[in-house]
Amino acid sequence: MIDKNYAHPEVLVSTEWVAEHLADPCLRLVESNEDILLYDTGHIQGAVHIDWRSDLQDQMIRDYITPEKFASLCERHGISNDTTVVFYGDKSNWWACYALWAFRLFGHTKVMVMDGGREKWVAEGRHLTRAVPHFQSGTYLPATHRKDDEIRAFFDQTLTHSKENKPLIDVRSPGEFRGELTHMPEYPQEGVLRGGHIPGAASVPWKMAVNDDATFKSAEDLRRIYEQEAGLRPGDDVIAYCRIGERSSHTWFVLTYLLGYKNVRNYDGSWTEWGNRVGAPIERN
Amino acid sequence: MDRVGQPSGRANRTQLMESQYPEPLTRIICLFEGLSDAEKRESLISYADSASKQAPRSGETFDLEDIRKDEECTDTVGVYLKISPTRACTFRITLGPQVQTLTKAMTSILCKGLDGASPEQILDIPADFVPKIVGADLVRQRSQTVYYILTRMKSASRVWLNRERAATHH
């Protein structure tokens, strides 16, 4: 476990800890990446692959799968309701945090993140394998409903939040926030008509929360960034957003687990919804 | 026709052979079209593994070298072009470590598939072969850089042709 004075140090584990627990039958390692073939090129022994789009999202409606389909996904990967799932992935754990957030949507609370993600594991020269593990099917009782009302924000809720001047954190790059870019730097255009940000949002790019080796900064550093500089206060009702909800999942994880905020929601519609939505107000500054 | 309105696999291959793709690329496309999704993934990984072998080899010289980091791609890509007296192109490509696996695979595929094509042929190649190789499931917003390498090869070919044209006019 890693304790840099985090509110919930039990959710963050080091690469060393993972290496020592590869054979633990109560754990399941889940790799989630942006690079769709990265898992196939090599992964941590015993890790299964969960894809943010084909596994977690409904393929016909812009939404997540049902609790029944989620239960089936988990059972396929040998995950039961009481399995502790350790997430890791590329891009400083963007998609790992996204998958973790999605697991929380379905009520799975035994979750962890490997600090530093895939980059750190690889940088340390640790072993990767191409062998895809096969586990005995898990037993997963589906949740009665997704926890959309607890950790997820929709357009109307975000609009109300903005009008009431409640804290909104825009985790995109400064260029996207100012409306100078309609795509993420180094990425293709993802179909947004207008640039800018949600009125009243504070710009705190996700990257502020991590060190150069992709590990999370200490709680002291994170408090300085989110509280002293961005003005958040413990107890605030916060909505985070980006373009499609993955970078803001990272910030959701930081605020929820590392700083202990109890009311943080991820607006997964994010700028690809807001920037295209008829009648949605925007700011540019 | 296999089904009403559906051309058979053989008809597809015939159409491909008559298409604007250079022959080596056509062979690769035909190979991928006959693979299952799992086999496609395996083949793409294999091509991605050989991406580093597409870098310039010791002692090679080039007519054009274009090394840059663009907004559209996650890392630096170097394109090296050699054109023979018979106008046959040979490409070598270097990729930064952050380049995605699909882009690495496409690098190997294009270096092999376009080997020997003329610069004019390269400029005319439509990009519609990419989903045939990669499969619709793997072509998504965040993996659009699979098209990037072809764009850079075309760009190098265009620059070389412009230089040739300018030299002819002088």
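Values in this document were obtained by computation on a predicted structure and should not be read as measured data. Chain naming here is simple, since letters A, B, ... match the order of the sequence lines and numbering starts at 1 in each.
A distance of 6.0 Å or more separates the ring centres of Phe87(A) and Tyr98(A). Checked against the 6.0 Å centroid criterion, the rings of Trp274(A) and Phe155(A) qualify as a close aromatic pair. In this structure, Phe154(A) has its ring center no closer than 6.0 Å to that of Tyr267(A).
In this structure, Arg243(A) fails the cation-pi test against Trp271(A), since its NZ or CZ atom is not both closer than 6.0 Å to the six-membered ring centre and inside 45 degrees of the ring normal.
Using a 4.0 Å cut-off between charged side-chain N and carboxylate O, Arg152(B) and Asp66(B) make a salt bridge.
Scored by the ring-ring contact (aromatic ring centres under 6.0 Å, His included) test, Tyr88(A) finds no partners at all (sequence neighbours excluded).
Contact annotation for residues 45-60 of chain B against chain A (heavy-atom separation below 4.5 Å, listed by residue number): Ile45(B), Asp49(B).
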